[in-house]
Amino acid sequence: MDAKTYNAQLAELRALRDDIKKTQATLVKLETDRARQITALAGYEKAKAERIAPAAGLSLADIVAIAPILAPDRLTTAAQSNPAPVLPSPEPATSPAAAVSAPEPAGDTALPSGTEHPQPPSQARTVAPVMTRPAPEPERPAAPSKPAPATAAPLAAQAAQRTLPGIPEGSDGDRWFTHTTNLASTHPNFTQQARSTVFLDTHTGVLVHRDQTFRIDLPTASAAEILNTVFHVLPDGVERIYITAGAPWHQQADQHPFLKDTVAAWLNAPTPGWRTDTGRGKDRMAGHFVHPRNPVGRYQREQGDQHVEIRSAGEWFDTEGTEPAVIRDAFVLLWKALRRHWPDAVLMGSPSQTGRDLWTRTIPTKGQYADGYPVLSEELRGLFHTTAGQGRTELITPPHVPAQLPALVEYDRTFAYAKHTWKSGVGTPRRVTAATFASWSQKEQTKALFACGHWHVRVTVPDTWTHIGVLPAPAPGDRAWYYPATPGTTFTTWVGGPEIHTALSNPHTPWKIEILDGILFDDGKPLDDWSKKLKEAWSSLTAQAELNGDPAQRTAAHLAARAVRALLLYGIGAFAQRPRTVTGTTPRTMERDVPPDAEIIGFDDQTITWQRPTGFTRDPSAHPEWAAHIWSSARAALLSQRHRDDNTYAGALHAPPGTIVAFRTDAVYLTQPQNWPHHGQPGDYLNKGHLPGPIPAPTTEDELLALRDKGRAAHHATPTPERA
């Protein structure tokens, strides 16, 4: 073979690669449509997997994996037999160290007023023993699982269940319990620089800059057209362009199988006179960020040092139906509200950047943490990333709920995460092995579970359980979780102390929890000052939204309050510090320059778009232990939350079994209204939607969201004192 033949065959190979990529994308879309159709068919009360399987061209097991409620009895038993051994029911405790009870915390474990504490005094009990180490007798096969009660949440198929990592035994694991050398969160010694910003509706062509409004023509709304037109109108230039409506990056969605491909093509289209930005300054951000709905395009003049971002205002709040001038006013109100607490506050490009920057300005410069908050070892950060889930998202379908719902009622926790920032783990973490936990007294065990910790546990659902699942178990897929509720089910997982306490002291039946390993921190308040200031800004803006007589200003204040929520929500998410994935582009003529470890995610005739993982960076603000504790607290409060002032409880476990339809992060959907208190405080359950029935039970997320929107519209049409 000569060089000419070699190069010709390389060209043919590239063409085959492109055809394969397109075919694979088409296949994935068809398979997704097929799974959606199977899920819809599963909602029919007489649906049978045996009939659907040949119609779909799949095996019976494949159908059950997609729609677990279709499992025949023999498959249900197999699917619900967990690989972890189902241990025999524990004998009555003979030693205080073998059991943990959940009394009202006292002394240094006391919770602030209004903090969730699931066990009502009238239902106080000694909880099931917490086994401090795996049972010494040989493992035995799990007993056949009982059919799931009609009120239990459906189980995901477990044939390919993820196995979560643990901490290595001995000194190898002990070495994880340290901090990264010379890496800590410290108070910044510089002031952020504000950037000149405009707001653009690419659909109507309305452009707002400060107190000026322009109308521009954008026939194609390409990135090059936006840049050149805006800079023609404002020759002195701007540094940030917020798209408020129009979503120009979606205009060619019919030409690509996925939105991400559409966005990548829009960002990487030729921009004469401009090139992809390489970053600058202390908040250096280089290259485009490909996101299906809120992308970021970063550009730099080919001649000169002019930098500009094109971003979506949807990163901050829902902009639908709002004029650019009102959105501009919302950002002004937000900035003024933050300036009352941070004299040097600057709105950065995204709420996560801004929220984290504001937090660093609350780090003390005197006292115990004057040198900052040290960052955990990379091993522990990786463990938290893999084992700490976020909000609970779950749809419970027939037969676990009625096929015809009597109603769909939505309760959403107001500014939920702000409720759980009063305490976070600080200091050097301690390892708590099963033997160590067993050696503690009952009081010490209870105190540890109330502290900031992350626990590796084996869980068994009680034999008499008839309600929804309580603790998350790893499901197939990256960072996916489900909530087992079938009596007798045993699984191994990682979970936070607040959820363990809920499982042990719920108002129905205590769950069996075996402590296998744990990470325990000292209690501190690194986020408390930051959160209090944000809550005050949120309260001020919420009051303006309720009292202002100008409809436009009411809308602006409401959006600004939503932006404060985003600052805290995404600021907490930023602490989690996931491994970074870099997205890049390479001209087709320079294909050899694509990094060898990169995955090609899109291409056209001129450009190849790729991404590759880069692992954890030396981020001084990486504190996944804080995010994990807040997420665990929020999931626990979604199930049970005590309102001390009202002497009552709220949450899904306080609703009758069989009435829970779905969870979506801070919201729970039920078939009947609940008398849960709402005083407009963070964490309170707000009734946001009520759609009277009968209603076909949703079997897909899209169906749930459609019913949610109808319920909100119906509820909004009936004023209540909460919205008066």
Side-chain angles (χ1 to χ4, degrees), residues 28 31-32 34-36 38-39 42 49 58-71 75-86 142 145 148 152-166 382-397 400-401 454-461 465 467-496 499-500 503 511 513 516 576 578 628 631-632 634-636 638-639 652 660-665 668 698-701 704:
V28 168
E31 289 177 339
T32 301
R34 179 175 63 183
R36 188 177 293 119
I38 291 170
T39 304
L58 295 174
S59 69
L60 206 61
D62 291 334
I63 296 297
V64 172
I66 295 170
I69 64 173
L70 293 174
L75 287 181
T76 302
T77 300
Q80 295 174 0
S81 297
N82 196 288
V86 178
S145 300
L155 283 176
Q158 299 179 31
Q161 182 176 357
R162 277 184 306 142
T163 300
L164 296 179
L383 183 71
F384 272 102
H385 166 70
T386 307
T387 61
Q390 297 187 37
R392 179 169 181 166
T393 301
E394 181 181 22
L395 177 62
I396 302 171
T397 56
H400 307 282
V401 295
H454 195 52
W455 301 93
H456 196 191
V457 295
R458 182 179 290 117
V459 182
T460 301
V461 182
W465 190 254
H467 219 297
I468 56 173
V470 174
L471 298 179
D478 182 39
R479 293 179 59 79
W481 305 88
Y482 74 107
Y483 294 81
T486 302
T489 300
T490 296
F491 59 94
T492 302
T493 190
W494 282 86
V495 72
E499 289 171 284
I500 291 180
W511 286 37
I513 310 289
L516 306 178
R578 296 168 180 80
W631 292 336
S632 176
R635 290 194 301 268
L638 201 59
L639 299 177
I660 312 300
V661 177
F663 295 94
R664 282 184 59 81
T665 309
V668 58
T699 58
T700 66
E701 183 182 29
L704 174 67

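Numbers here simply count residues along the sequence, with the first being 1.
- Within the 4.5 Å cutoff, no side-chain heavy atoms of Thr490 are placed close to those of Val459.
- Using a 4.5 Å heavy-atom cutoff, the side chains of Trp631 and Arg392 are not in contact.
- The CG atom of Leu704 sits 12.0 Å away from the CZ atom of Phe663 when rounded to the nearest 0.5 Å.
- Pairing each heavy atom of Phe384 with each of Ala628, the nearest pair is CD2-CB, 3.7 Å.
- Taking every heavy atom of both residues into account, Ile500 and Leu471 meet most closely at N-CD2, 4.4 Å.
- One distance of note links CD1 of Ile38 with OG1 of Thr700; it measures 13.5 Å at 0.5 Å rounding.
- Remark: the Thr397 side chain and the Thr699 side chain contain no N/O donor-acceptor pair separated by less than 3.5 Å.
- Checked by atom type, the side-chain pair Thr492/His456 shows no donor-acceptor distance below 3.5 Å.
- You'll find the side chain of Thr493 stays beyond 4.5 Å of the side chain of Trp455, heavy atoms only.
- What you find for Val495 and Pro472 is that their closest heavy atoms are CG2-CD, 4.1 Å.
- Put simply, CD1 on Ile660 and NE2 on His400 are 14.5 Å apart, with the number rounded to the nearest 0.5 Å.
- Taking a cutoff of 4.0 Å between a charged side-chain nitrogen and a carboxylate oxygen, Arg664 and Glu701 qualify as a salt bridge.
- Geometric assessment of Arg458 against the ring of Phe491 yields a negative cation-pi assignment under the 6.0 Å and 45° thresholds.
- Scanning both residues, Ile396 and Ile468, for their nearest heavy atoms gives CD1-CG2, 3.9 Å.
- A pairwise comparison of heavy atoms in Gly166 and Trp494 identifies CA-CZ2, 4.2 Å as the closest pair.
- Scanning all heavy atoms of the two residues, the minimum distance from Leu516 to Val457 falls at CD1-C, 4.0 Å.
- Between Thr665 and Thr393 there is a side-chain heavy-atom pair separated by less than 4.5 Å.
- Using the six-membered ring where Trp is involved, Trp465 and Trp511 have ring planes that are perpendicular, over 60° apart on the 30 and 60° scheme.
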Residues Thr460, Thr489; criterion side chain to side chain contact (heavy atoms under 4.5 Å, CB included); working and verdict: CA-CA 6 Å; Thr460 301; Thr489 300; over 6 Å; no
